[in-house]
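Just below is one structure, and these are the notes that go with it.
Chain letters run A, B, ... following the sequence lines, proteins first, then strands; residues in each count from 1.
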Protein chains: 2
Amino acid sequence: MAGDDLRAITEVDRVIHEPARLLIVALLSEVRSADFLFLQSETRLTKGNLSSHLSRLEQAGYLQIDKGFRGKVPQTVCSLTSEGRAAFRLYRAQMRRAVGRSAR
Amino acid sequence: MAGDDLRAITEVDRVIHEPARLLIVALLSEVRSADFLFLQSETRLTKGNLSSHLSRLEQAGYLQIDKGFRGKVPQTVCSLTSEGRAAFRLYRAQMRRAVGRSAR
DNA sequence: ACAGACTAGTTTGTGTTGCAGACCTACATG
DNA sequence: CATGTAGGTCTGCAACACAAACTAGTCTGT
């Protein structure tokens with residue numbers, strides 16, 4: 001039944017489902033890595049928010065965060081882990097079922 | 001830029017974005033109307049939860065809730081309003097940009 | 001050299017919300 | 001009367017999103 005497919009929606013990964021993080025993950029899914037400032041300008045999130053969303057993604061094992069320096073200036077570089085990419089793939093598959101009717 | 005499309009994700013309608021309600025709206029989008037018990041069995045939500053999500057959707061103007069009787073038994077029948085359908089259409093368009101395979 | 005501004009990011013505080021479960025109302029039936 | 005059904009409300013709690021305050025260190029002007 002169609003309902004069974006749909007019911008899976010209630011089990012989507014909330015870490016990714018949150019719009020701000022979905023945006024971050026979607027952005028990162030298209031590149032190898034991105035630094036904090038790039039993400040901030042793309043997402044227009046405040047530093048505080050961006051920082052905590054990144055931490056959340058890291059905690060979930062979806063993101064690798066490398067802190068280094070560009071010259072004397074600290075630099076935070078982020079990239080999705082393979083679990084992160086897999087989780088995003090799954091999320092997309094689930095959501096397409098709910099919204100993607102035209103995609104098929 | 002692709003980033004601009006994506007950034008719209010952060011503005012999705014949270015009323016619909018919540019998985020339980022997304023499920024309800026997706027179900028209702030495929031029928032003219034559905035009663036409380038049907039929704040409960042399809043969603044597997046508790047009565048309490050289902051009731052409050054329905055109220056939330058009604059408050060948002062997305063849902064019409066008609067309380068009546070089937071014989072002597074009370075019956076709550078729900079159907080999306082045209083605003084509800086429009087909101088869902090918009091939501092789907094926004095989310096497809098984030099998860100749709102042919103986004104670019 | 002030292003104050004003040006700037007950069008990069010983290011921590012804290014607050015209000016909202018999603019959810020489960022207990023309870024309530026009204027009617028019907030065994 | 002006791003139980004069941006339909007459809008809720010209410011309460012308590014944990015999670016969380018967001019903004020604002022804060023920290024650490026660098027750069028600039030005088």
Just checking B:Q75: base, sugar-phosphate only, or nothing, at a heavy-atom cut-off of under 4.0 Å?
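Result for B:Q75 = sugar-phosphate.
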Just checking A:L50: base, sugar-phosphate only, or nothing, at a heavy-atom cut-off of under 4.0 Å?
nothing
Rounded off to whole Å, could you give me the [atom1]-to-[atom2] distance for the [X] and [N] pair?
X: A:K47; N: D:dC18; atom1: NZ; atom2: C1'; answer: 16 Å
X: B:L37; N: D:dG4; atom1: CG; atom2: P; answer: 17 Å
X: B:F38; N: D:dA6; atom1: CZ; atom2: P; answer: 15 Å
X: A:L22; N: D:dA17; atom1: CG; atom2: C1'; answer: 15 Å
X: A:L57; N: D:dC16; atom1: CG; atom2: P; answer: 12 Å
X: A:Q40; N: C:dT7; atom1: CD; atom2: P; answer: 11 Å
X: A:I24; N: C:dG9; atom1: CD1; atom2: P; answer: 13 Å
X: A:F36; N: D:dA24; atom1: CZ; atom2: P; answer: 17 Å

Would you indicate whether the side-chain heavy atoms of A:L54 and A:I65 approach each other to under 4.5 Å?
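Yes, their side chains come closer than 4.5 Å.
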Determine whether a donor-acceptor pair (N or O, by modelled atom type, separation under 3.5 Å) exists between the side chain of [X] and the backbone of [Y].
X: A:R21; Y: A:V15; answer: yes
X: A:T43; Y: A:L39; answer: yes
X: A:R96; Y: B:V99; answer: yes
X: B:H17; Y: A:H17; answer: yes
X: A:T81; Y: A:G61; answer: yes

B:S51 side chain near D:dG7 phosphate (N/O to OP1/OP2, under 4.0 Å)
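For D:dG7, OP1/OP2 do not have a side-chain N/O of B:S51 under 4.0 Å.
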Answer yes or no: does a side-chain N or O of A:T76 lie under 4.0 Å from OP1 or OP2 of C:dA8?
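For C:dA8, OP1/OP2 do not have a side-chain N/O of A:T76 under 4.0 Å.
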Output one letter per nucleotide in nucleotides 13-30 of chain C: B when a protein non-hydrogen atom lies under 4.0 Å from the base, S when only the sugar-phosphate is that close, - when neither is.
----SSBB-------S--
Contacts of B:R14 meeting salt bridge (charged side-chain N to carboxylate O under 4.0 Å, His left out) (sequence neighbours excluded), chain-then-number -> A:E18
Could you tell me which non-hydrogen atom of A:Q94 sits nearest to which non-hydrogen atom of A:V12, and how far apart they are?
OE1-CG1, 3.5 Å
Taking all non-hydrogen atoms of both residues into account, name the closest pair between A:L6 and A:A98 and its distance.
CD2-CA, 4.1 Å
State, to the nearest 10°, the angle formed by the axis through the first five base pairs of the helix from C:dA1-D:dT30 to C:dG30-D:dC1 and the axis through its last five.
20°
